Structures are given as structure tokens and as C-alpha cells.
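Model, not experiment: these values are computed from the prediction. As the structure lists them, so they are numbered: ligands from 1, and atoms in each ligand from 1.
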Amino acid sequence: MALLVSLTDTDIQPWVEVFESELSNMDIRIYPDVGDASEIEYVAAWQHPFGEYKKYSNLKAILSLGAGVDHITKDPELPSDVPIVRMADDSLTNDMCLYALHWVLHFHSDYYRYVKQQVKKQWLPQDFVAPRNRTIGIMGLGNIGKQIAESLARQGFYVVGWGANEKPATRNIEYFYGKEQMSAFLNKSEILINVLPLTEATTNLVTECELCQLPKGAFVINMGRGSIINENDLLSLLNNSHISAAVLDVFDVEPLPVDDPLWSHPNVTITPHIAGQSDGKTAAMFMVENIRRIENGEPPFPLYDVSRGY
Ligand code: GLV
């Protein structure tokens, strides 16, 4: 039996070391050296090329390097009966909390202004705003969204959250649910952070109509998926200054094409889909534990649910 490692844009060495030492009865193959395709039982995947999964006739599970699995489910030829296991290693969640905190401070503490002031050699302290007087809105209240919300609340920010379905309330965070409560949520969100997964329901969920409901001068941080926030609508609201600035880690098309106007917009910061990076060693162990569960006849966790779309 074999595990195929296909992790685009990733230093695979720590992953392979863990797989080789922990899965000694398994042949570890590195894509594109697939060998006999019928021997592939597991794929550790990040952006594995479409049309490949269907060649592995004895595939038992696909293990995603990311929490999001749209890089797998968008494959038009994906076999429908193969379980897909999402990544929920703490290192990934923690990295996303740090990314969110970094950019929240960039806007909240006016660092984005000081970068521009320095170019003009301007010594100009901005007014202090206490974190409790700044409202951060988190879209997406799964494990990652909740942890980002809680970590920002711990720093003293006023945090509101929005999700599709009601979940048990937590202390310190005001929650909104469903389409009916989205306006109330957006009206409060001075810094909007998107961590929703990409599904049919979330594709193009945030368009001009939703962005206009943010307070004037709001900031947008998209670290979920590009196709959730309409890029053209975001650009027009940046251009008319309804939105002050945006940080984008994810895009409709990745890598972001060189002629995309987002690259050169003065109030847009671009990062190359790095908001949630995993520690190769612990994330590989997370996959190993799921392979062991499957081999023992137990359900892997967290399993992609077709009906929810994530
Ligand atoms: C990153 O994009 C992830 O899905 O974890």
C-alpha cells in the first residue's frame, strides 16, 4: 500500500520524514512519481492536479493539507465515494490567529498610515482608540473563526461573529446568524475578517450590496477564499473610499495574475495564500493519526460533509 504526497508550494521534507518514520508499512511516493496507480491508498494533498484522483482505483481517503478542501472538491472528475479529510492541526489555526491579529493591529493602530507618512517624512501621531471601542467582525464561525474571534476578544477588541447556522453562544462575542442577521453584523464591523469556507452558498456571498453595509472607512481582511468576496465590487468600494483598505490572502485566481489591478492598488496589501501555514511535522502527524483511524475501521476527523459543502 502507498501514500502519495502531492503538496504544491510546500517544503515536503518534514512531511515525508514523519510519514516515513510513522507509516513504516506504507510506501511513501512523491508526486509526480506515482508508480503503480492502483497501489495508491491515500493522498496527502494540496492542489493535486485535477483528473488525477480518478486514476487511483483503490483510494481510501484524501487528506487535505488545508482546512479548506475546495482544491479537491472542484476536480470535475473526483470519485464521489472517497472520503476527504480536512486539516485541523492547531498549528494552522494558531497561524491564522496570528495573521488576523497582525492585520487587525495594522489597521486598528494606524500602522498602515505610518507606512504612508514615512514616505512623506511626516511625524504625525494618530488618535488613540481603545480596543474595546473597535469592532471586529468575523465571517465564518467554525473552529478557525471561533478561535480568531476569541483571540481578538482576549486582546480587548469588541468582536462580533456571523455564521450560516446558529451555534452555542460563547462569552464576550456577539453572534449573528443567517441571511436575516447579516446586515446587523455588517453594520457593526469596522474591520471585517472573512474565514468562511468556499461552498455553493458562500460563492460571491459578499458583493457591493454587503460591502456597502460596512461602516464608512471599514477595513477588509480576506483569509478565507477569494471567490467569497467579489473582487470587482471590493475594488470599486476601495476606489470610492467606502472601504479604506484591504488585505487579501486569497483570490478568485491563484497565483493572482500579474495584470490584476489589485496588485497595484495603493490601499490593498497582497499576501500569497500564506495566512494559515501548518507546521509540517505536527500537520503530517495529524494526517498519520487519521490514516491510523481509517486502518482501524474508525471514522477520520474532521470529515468533509458533501451536504454542507465543507
Ligand atoms: C488554507 O487555505 C486552508 O484551507 O487551510
Side-chain angles (χ1 to χ4, degrees), residues 5-12 14-15 43-50 53 61-75 78 83-103 138-149 151 163-164 192-203 205-206 220-229 231 246-256 262 269-290 300-306 308-310:
V5 181
S6 177
L7 304 173
T8 307
D9 289 340
T10 306
D11 169 16
I12 60 165
W15 296 78
V43 183
W46 180 245
Q47 294 169 351
H48 188 48
F50 289 173
Y53 292 114
I62 303 169
L63 304 132
S64 173
L65 165 138
V69 292
D70 48 303
H71 64 104
I72 301 166
T73 57
K74 277 193 194 155
D75 181 345
L78 183 73
I84 300 173
V85 188
R86 300 167 56 216
M87 174 56 64
D89 180 53
D90 289 345
S91 66
L92 182 139
T93 311
N94 190 45
D95 199 44
M96 293 194 84
C97 289
L98 292 176
Y99 185 96
L101 178 63
H102 175 94
W103 293 109
I138 317 279
M139 287 193 101
L141 297 175
N143 178 40
I144 293 172
K146 280 207 164 182
Q147 297 215 36
I148 292 175
S151 69
L192 178 71
I193 302 180
N194 174 45
V195 283
L196 284 166
L198 185 64
T199 66
E200 256 174 53
T202 64
T203 301
L205 180 70
V206 181
V220 172
I221 301 172
N222 191 2
M223 47 194 294
R225 285 294 182 264
S227 310
I228 297 168
I229 301 183
E231 287 175 1
V247 171
L248 306 174
D249 185 56
V250 285
F251 302 88
D252 279 342
V253 178
E254 293 180 14
L256 184 64
L262 288 168
T269 302
I270 291 181
T271 56
H273 202 139
I274 47 74
Q277 290 186 300
S278 298
D279 174 334
K281 281 205 181 301
T282 59
M285 253 336 274
F286 189 87
M287 288 186 181
V288 167
E289 278 154 17
N290 271 316
F301 171 84
L303 200 52
Y304 162 72
D305 176 342
V306 189
R308 287 188 320 186
Y310 61 94

Revision key, fill the gap. Test side-chain hydrogen bond (donor to acceptor under 3.5 Å, both in side chains), reference Asp249, set Thr269, Asn194, Thr271, output is Thr271

Review point. What atoms of ligand 1 come within less than 4.0 Å of a heavy atom belonging to Leu92?
Key: 5 (O)

Review point. Any side-chain heavy-atom pair from Arg308 and Thr199 closer than 4.5 angstrom?
Key: no

Review point. Does the N or O separation between Gly68 and ligand 1 drop below 3.5 Å for any pair?
Key: yes

Check your understanding: Under a 4.5 Å cut-off applied to non-hydrogen side-chain atoms, are Phe251 and Ile270 in contact?
Key -> yes

Review point. In terms of atom number and element, which parts of ligand 1 are under 4.0 angstrom from non-hydrogen atoms of Gly66?
Key: 3 (C), 4 (O), 5 (O)

Practice item. State the atoms of ligand 1, each with its element, that fall below the 4.0 Å cut-off from a heavy-atom position in Arg225. Key: 1 (C), 2 (O), 3 (C), 4 (O)

Revision key, fill the gap. Of all protein heavy atoms, the one nearest atom 1 (C) of ligand 1 is His273 NE2, 3.4 Å

Exercise for review: Mark yes or no for whether Asp305, through its side chain, and Tyr310, through its backbone, hold a donor-acceptor pair below 3.5 Å.
Suggested key: no

Review point. To which protein heavy atom is atom 3 (C) of ligand 1 closest, and what is the distance rounded to 0.1 Å?
Key: Ala67 N, 3.3 Å

Point to revise | Proximal ligand 1 atoms for Trp46, defined as those under 4.0 Å from one of its heavy atoms | key: 1 (C), 2 (O)

Review point. Would you say Phe301 has more than 12 foreign heavy atoms packed within less than 6.0 Å of its CZ?
Key: no

Check your understanding: How are the rings of His71 and Trp46 set to each other: parallel, tilted or perpendicular (split at 30° and 60°)?
Key -> tilted

